[in-house]
There are 2 protein chains.
Amino acid sequence: MTFVQQPLQSSPALLPLTDVTDAAACGSSVGRAAIAPADAEALARSLKALADPARLRILSIVGSHLDAEACVCDLTDVLTLSQPTISHHLKVLVDAGFLTRSKRGTWSYYRLVPGALGGVAQVLPGL
Amino acid sequence: MTFVQQPLQSSPALLPLTDVTDAAACGSSVGRAAIAPADAEALARSLKALADPARLRILSIVGSHLDAEACVCDLTDVLTLSQPTISHHLKVLVDAGFLTRSKRGTWSYYRLVPGALGGVAQVLPGL
DNA sequence: CCCATTCATCGACAAATGTCAATCTATGCG
DNA sequence: CGCATAGATTGACATTTGTCGATGAATGGG
């Protein structure tokens, strides 16, 4: 079970835990193991894709449509950004596994990947 | 009810919704309103603070301690980063409202802010 | 076949970010 | 007081990131 869709990355196990070798001097006792460095990097990549106002708005706009689908023109109408910039953000979100793209005719339609946001949300409180 | 502790920012309402003026040409129908630009920026700030492997590991290490408390030396032992860099990341997490700092003697102890991570996690799937 | 439309890609640029070495500030101990 | 230790700050640097204008690729219509 992976904690989030990561199409262009290796499938990260759910917090596989690091070594519990404590041996600190001033430190307090360790209750459980922390996140593995590789998983921290994978999760950080997902969060980095989300950590932008424009991209959050894009996800929200796509999700707010009845069919959970939106084309680029839906976004250029609302966002105060150039069309290339919006395309760039869309690419980031697709690469990170939060959106899918399907081209029909001249238009590109973007959809939310079900559970992608939830996957990230599920891991966070467990840190 | 705010969606996440944001000590140095204004208190953002929970997805206060933008205008539902659709009027698009190619676009599909709108089911509900999207996130407000100001809230997107606030949420992005929180996510930006989390979107770094070192900071995720720091949060996880602090949370993995039995008393949910750790000093800087606990982190310098484990992370392969210089002490100033770790102090920098700690400051970012404190400023974003995910950690609190309490100095006792020569040591600085950091604690997780209860519910801070959960607050972010709660909002994400609702986008 | 030519042109308009939709969107992606490229190149350039300024701003933000992560990192470290050097330094500064407390605090505790002889 | 003098020194050692823990940690924060500063300054510098390379890398990454967000943005745009210009251009390219594909599709549909007259």
Side-chain angles (χ1 to χ4, degrees), chain A residues 8 24-28 37 40-41 43-59 61-62 69-96 98-111, chain B residues 8 24-28 37 40-41 43-59 61-62 69-96 98-111:
Chain A
L8 39 66
C26 69
S28 53
E41 284 192 30
L43 180 54
R45 266 190 296 273
S46 292
L47 290 171
K48 229 179 269 270
L50 299 176
D52 181 274
R55 291 199 285 271
L56 290 174
R57 293 189 66 191
I58 287 174
L59 290 174
I61 290 170
V62 172
E69 192 180 58
C71 64
V72 180
C73 63
D74 288 327
L75 304 167
T76 51
D77 287 346
V78 178
L79 303 176
T80 58
L81 290 170
S82 70
Q83 176 265 318
T85 298
I86 294 178
S87 270
H88 161 69
H89 286 309
L90 286 167
K91 177 173 170 47
V92 171
L93 289 171
V94 169
D95 288 347
F98 292 105
L99 287 180
T100 59
R101 180 174 70 189
S102 68
K103 197 159 188 176
R104 293 201 300 273
T106 313
W107 293 273
S108 286
Y109 291 92
Y110 288 86
R111 286 181 165 280
Chain B
L8 39 67
C26 70
S28 52
E41 284 192 31
L43 180 54
R45 266 190 297 272
S46 291
L47 290 171
K48 228 178 268 270
L50 298 177
D52 181 275
R55 291 198 284 271
L56 289 174
R57 294 189 66 192
I58 288 174
L59 289 175
I61 290 170
V62 173
E69 191 180 60
C71 64
V72 180
C73 63
D74 288 328
L75 304 168
T76 52
D77 288 347
V78 178
L79 303 176
T80 58
L81 289 170
S82 71
Q83 175 264 319
T85 298
I86 293 179
S87 269
H88 161 69
H89 286 309
L90 285 167
K91 177 173 170 48
V92 170
L93 289 170
V94 169
D95 288 347
F98 292 106
L99 288 181
T100 57
R101 180 173 71 191
S102 67
K103 196 162 188 176
R104 293 202 299 274
T106 313
W107 292 273
S108 285
Y109 291 92
Y110 287 86
R111 288 181 165 280

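Since this is a predicted model, take the numbers as computed values, not measurements. Sequence lines set the chain letters: A, B, ... in the order given, protein chains first and strands last, and positions in each chain run from 1.
Of the inter-residue distances, the one linking A:Leu56 atom CG with A:Ile61 atom CD1 reads 11.0 Å to the nearest 0.5 angstrom.
Taking the side chain of B:Arg55 as heavy atoms from C-beta on, and the options C:dG18, C:dT19, C:dA8, the nearest nucleotide is C:dG18. Closest to the B:Lys91 side chain, of the nucleotides C:dG18, D:dG7, D:dT9, is D:dT9. Candidate nucleotides C:dA8, D:dT19, D:dA8 were compared by shortest atom distance to the side chain of B:Gln83, and D:dA8 ranks first. Comparing atom distances between the A:Thr85 side chain and each of D:dC20, C:dT19, D:dA8 picks out D:dC20 as nearest. Out of C:dT19, C:dT9, D:dT19, the shortest distance to the side chain of B:Asp52 is found at C:dT19. Looking at the side chain of A:Pro84, the nearest of the listed nucleotides D:dA22, C:dC7, D:dT17 is D:dA22.
Taking the side chain as every heavy atom from C-beta outward, A:Leu79 and A:Arg57 approach each other to under 4.5 Å. Side chains of B:Tyr110 and B:Val94 form a contact here, defined as non-hydrogen atoms less than 4.5 Å apart. Annotation: side chain of A:Leu43 is not in contact with side chain of B:Leu50 (no heavy-atom distance under 4.5 Å). A 4.5 Å side-chain heavy-atom check between B:His89 and B:Leu81 finds at least one atom pair inside the cut-off. Residues B:Arg55 and B:Val92 have side chains in contact (heavy-atom distance under 4.5 Å, counting atoms from C-beta outward).
Atom CG in A:Leu79 sits about 13 Å away from atom P in C:dC7, given to the nearest Å. The separation between B:Asp95 atom CG and D:dT9 atom C1' is 13 Å, rounded to whole Å. Atom CG in B:Leu93 sits roughly 10 Å away from atom P in C:dG18 (whole-Å rounding). Regarding A:Glu41, its CD atom lies at a distance of 13 Å from the C1' atom of C:dG18, rounded to whole Å. A:Leu90 has its CG atom 16 Å from the P atom of C:dT6, to the nearest Å. Rounded to whole Å, atom P of D:dG18 lies 13 Å from atom CG of B:Leu47. Between B:Ile86 atom CD1 and C:dC20 atom C1' there is a gap of 12 Å when expressed in whole angstrom units. One interatomic measurement links the two molecules: NZ of A:Lys48 to C1' of D:dG18, which rounds to 14 Å at whole-angstrom precision.
One finds a side-chain N or O of B:Tyr110 lying less than 4.0 angstrom from the OP1 or OP2 phosphate oxygen of D:dA8. One finds a side-chain N or O of A:His89 lying less than 4.0 angstrom from the OP1 or OP2 phosphate oxygen of D:dT19. The phosphate of D:dA8 (OP1 or OP2) has a side-chain N or O of B:Arg101 nearer than 4.0 angstrom. One finds a side-chain N or O of B:Ser108 lying less than 4.0 angstrom from the OP1 or OP2 phosphate oxygen of D:dA8.
Along DNA chain C, the nucleotide closest to B:Trp107 and the one closest to B:His88 are compared, and the more 5′ of them pairs with B:His88. Between B:Thr106 and A:Thr76, the residue whose closest nucleotide on DNA chain C is further toward the 5' end is A:Thr76.
Using a 4.0 Å heavy-atom cutoff across all strands shown, A:Leu81 reaches sugar-phosphate atoms only and no base atom. Within the 4.0 angstrom heavy-atom criterion, base atoms lie near B:Ser87. At a threshold of 4.0 angstrom between heavy atoms, the contacts of A:Lys103 with the nucleic acid are absent. At a threshold of 4.0 angstrom between heavy atoms, the contacts of B:Arg104 with the nucleic acid are absent.
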